[in-house]
Number of protein chains: 4
Amino acid sequence: MDRAKRREQILSVAAEVFAEKGYHDARIDDIVARAKVARGTFYLYFEDKRAIFEELVDAFVHSLADGIAPIETVPEADPARVMREVRTNLLRIVERVLAKPAMARLLFSAALGVDADFDRRLLAFYDEIAALLERSLEQGEDALLVRPGHRRIRAFCLTGIVKELLSQLISRRAAVDPAEVVDAMLDLVTDGLFTDLARAAVRASG
Amino acid sequence: MDRAKRREQILSVAAEVFAEKGYHDARIDDIVARAKVARGTFYLYFEDKRAIFEELVDAFVHSLADGIAPIETVPEADPARVMREVRTNLLRIVERVLAKPAMARLLFSAALGVDADFDRRLLAFYDEIAALLERSLEQGEDALLVRPGHRRIRAFCLTGIVKELLSQLISRRAAVDPAEVVDAMLDLVTDGLFTDLARAAVRASG
Amino acid sequence: MDRAKRREQILSVAAEVFAEKGYHDARIDDIVARAKVARGTFYLYFEDKRAIFEELVDAFVHSLADGIAPIETVPEADPARVMREVRTNLLRIVERVLAKPAMARLLFSAALGVDADFDRRLLAFYDEIAALLERSLEQGEDALLVRPGHRRIRAFCLTGIVKELLSQLISRRAAVDPAEVVDAMLDLVTDGLFTDLARAAVRASG
Amino acid sequence: MDRAKRREQILSVAAEVFAEKGYHDARIDDIVARAKVARGTFYLYFEDKRAIFEELVDAFVHSLADGIAPIETVPEADPARVMREVRTNLLRIVERVLAKPAMARLLFSAALGVDADFDRRLLAFYDEIAALLERSLEQGEDALLVRPGHRRIRAFCLTGIVKELLSQLISRRAAVDPAEVVDAMLDLVTDGLFTDLARAAVRASG
DNA sequence: GATGAATGAGCGTTCATTCAT
DNA sequence: TATGAATGAACGCTCATTCAT
């Protein structure tokens, strides 16, 4: 087996093991046993346990990030087009997560509590996402598409929604229709929960 | 020192240590050293490492859950009152989290990746939250306050929002005004992000 | 068993093991097995393998160094007394080496090749010895007891003699009379190897 | 490259590596990397790590031993000639050591602590040296050139002197004049350290 | 002969837990 | 009840050596 293939094989086996057991409970032995290679072989391809885990997480994170197409929201942007593009981005993320559930499980649960360093890296990544969303909200406001509001907090809310939905999608084995999830989420985010009746009442009293 | 006090002392020290280092990096040694008791003493009060951690997480989870007052949403309910009560509930949760940041850090980061069992417990807890929210949404729809929609997904979205905001509140040391956070979140959730202009455009095209 | 005794016990067992097998071939397992303690116990008393070895070598080196009484060699010093004191110092060193042959074997063979760091430490120690001897030779010259000559090289020669003799004393199990060894060495060093006949001949021709 | 050359190349690279890192810290990897051959190739030329080290040490030891010309010390031997020949032998040894400092470092430090077996071999070699010296001293006594004395012990002293001086010569990078070293050593050994004044005093009292 | 991927025995160290005092 | 010395299973990692190509 050539070098690249063997590497790939160990990586994919490791992803499974980490996803099943979490970082700390996954032993190098588990990985090499399932990959049917000797312990030493593992270390021919990866610096150490931490390194292979990092590589897995980083690769997946990047594959998600690469799926996000930038959305042009110049003031005269067509709101319907913007919405479609947002929806496409979300769908792509959901699809990639569903395509590699083990990797997603890794990212959403195994990756936490690895160590202080790794926690910081993850937080930094989510910060970037939030910053991206914040800028998008700003552009949306400029284009008069988005109601003015606390953009930082809204960015965190959006991040939280996506993270939670993705976590749920992979933790429940039940087949889910990605489009349905994305549409329900977008519906909530764009229009809010309330009926006009409720809004009127709140505004009147509020 | 009497039994209960000693127990309490070890618990509170353990909370700090777990919050600082995470479950796996926290050593029993760290805890007993800081509590100034002998190693053996620890085991007089707690079954094992896992048990004390579970107790801490459970206690905090319950203190949060206890802060949630049930909201009556009979069909004729006053929307403004319902909103105020929702807001009060949220504020209470935020306050309790900010009051015990170590415990919150425990719940939101240290508690993940402990082991497969614990992960299941946490998921089950969040499921309960989601179920509660789902029922509330149902009542809201019945009372014509909430626009009909996919309640399960919406419940997850709301859970995600709260989790993420609380995580951010405790991870950023910066003083934050809980009321501001809660209001921004509620504003997003009730009215959505979009301006009427955008909605009209989307509706026209979509 | 109290802390100090247990420590002492492990130390002495470790000395044997290191002496028998050398640093690299000695396994922690060998030490704890022979000390009849658990592996973990070892690490309660010593940082790591390197640390216990260092402690053993250092202790022995210091016990040897402490046996050397300073010799006053003011210009009017009585040569016979000086010689007696030198002899006493040497005898004390030889006795201490013979009293702890395992430690001596440690110092003279196991201690080399441990790692680059440790090698440097040992060299530095021997440098100090050589420096001490060099100063003594200088005083001896000033007191007109010692023939002028290259003091640095002479100091190394003397160091070499003592090291080699001690090595031989411990590597040959045969009972040796320390006094005989010391006297033979002193005879060589003070008077040299040659007869007056040989010296005269060499001087005449050289 | 033909077999012999390749072998030679690996040997010389190995000498460097062993000299730099010592036996245990030198990895086969270090050797093959620097020799620019594959790991497997190494084992085509040498049995194992131990074997190549042994070969290096043996070769150097023999090159030193070969430099020693036998000295005729029949009873009527000219003392001055004997001294010159001794001096020549010593100079040759010093020169060979200085010519291959890596090999010398190997012999004087890396070779110790390899394992119990190798230690025995080295001791046996030094024993031969000592035996040779002992015989020479005996001849010297017979020729009335050497003062009677404990020949075995004297032989060890001489061995120690030479070993220590050679070690110092290679460990101090400073340029040294071999002749100066040899002459200082011979001066010490032939005439001893003491002035006639000191000797007289010692004899009177002792 | 040459390669270098693969092997796996081996070892140092950690740390949750126990138990005699 | 409190202590803290002792335990030993567990695990990550190294590196000399082998062997299919």
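Remember, predicted model here, so these are calculated numbers, not experimental data. Per chain, numbering begins at 1; letters A, B, ... match sequence-line order.
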**OP:** Apply side chain to side chain donor-acceptor pair (under 3.5 Å) to D/Asp119 and list each qualifying residue two or more places apart in sequence or on a separate chain.
**Re:** none
Subject >> Pairing residues for B/Asp48 by the side chain to side chain donor-acceptor pair (under 3.5 Å) criterion, not counting sequence neighbours >> reply: none
Subject >> Whichever of A/Val37 and C/Arg27 has its nearest DNA chain E nucleotide further upstream toward 5' >> reply: A/Val37
Original post:
Restricting to pairs with a member in residues 53-63 of chain D, which pass salt bridge (charged side-chain N to carboxylate O under 4.0 Å, His left out), not counting sequence neighbours?
Top reply: D/Arg7-D/Glu55, D/Arg50-D/Glu54, D/Glu54-D/Arg121, D/Asp58-D/Arg121
**OP:** Take atom CG of C/Asp2 and atom P of F/dA6, then tell me their distance rounded to the nearest Å.
**Re:** 9 Å
Original post:
C/Tyr45 side chain N/O closer than 4.0 Å to the phosphate oxygens (OP1, OP2) of F/dA6?
Top reply: yes
**OP:** Establish, with yes or no, whether the OP1 or OP2 oxygen of E/dA2 is under 4.0 angstrom from a side-chain nitrogen or oxygen of D/Arg6.
**Re:** yes
For [X], check ring-ring contact (aromatic ring centres under 6.0 Å, His included) against everything at least two apart and list the hits.
X	answer
D/Phe53	D/Phe18, D/Tyr23, D/Phe118
D/Phe60	none
B/Phe46	B/Phe42

Might you list the N or O atoms of the protein lying below 3.5 Å from N or O atoms in nucleotides 17-21 of chain F, with each pair's distance?
| unit_1 | atom_1 | unit_2 | atom_2 | d |
| --- | --- | --- | --- | --- |
| F/dT17 | OP2 | D/Tyr43 | OH | 3.0 |
| F/dT17 | OP2 | D/Lys49 | N | 3.1 |
| F/dT17 | O4 | D/Arg39 | NE | 3.1 |

Original post:
With A/Ala59, which residues qualify under side-chain contact (heavy atoms from CB on, under 4.5 Å), at least two apart?
Top reply: none
**OP:** Using the criterion of both pairing distances under 3.5 Å for Watson-Crick and G-U wobble pairs, give all stems of 3 or more consecutive pairs involving DNA chain F.
**Re:** E:2-21 with F:2-21
Original post:
With distance as the sole test, does A/Arg105 use its side chain to make a donor-acceptor pair with the main-chain N or O of A/Ile170 at under 3.5 Å?
Top reply: yes
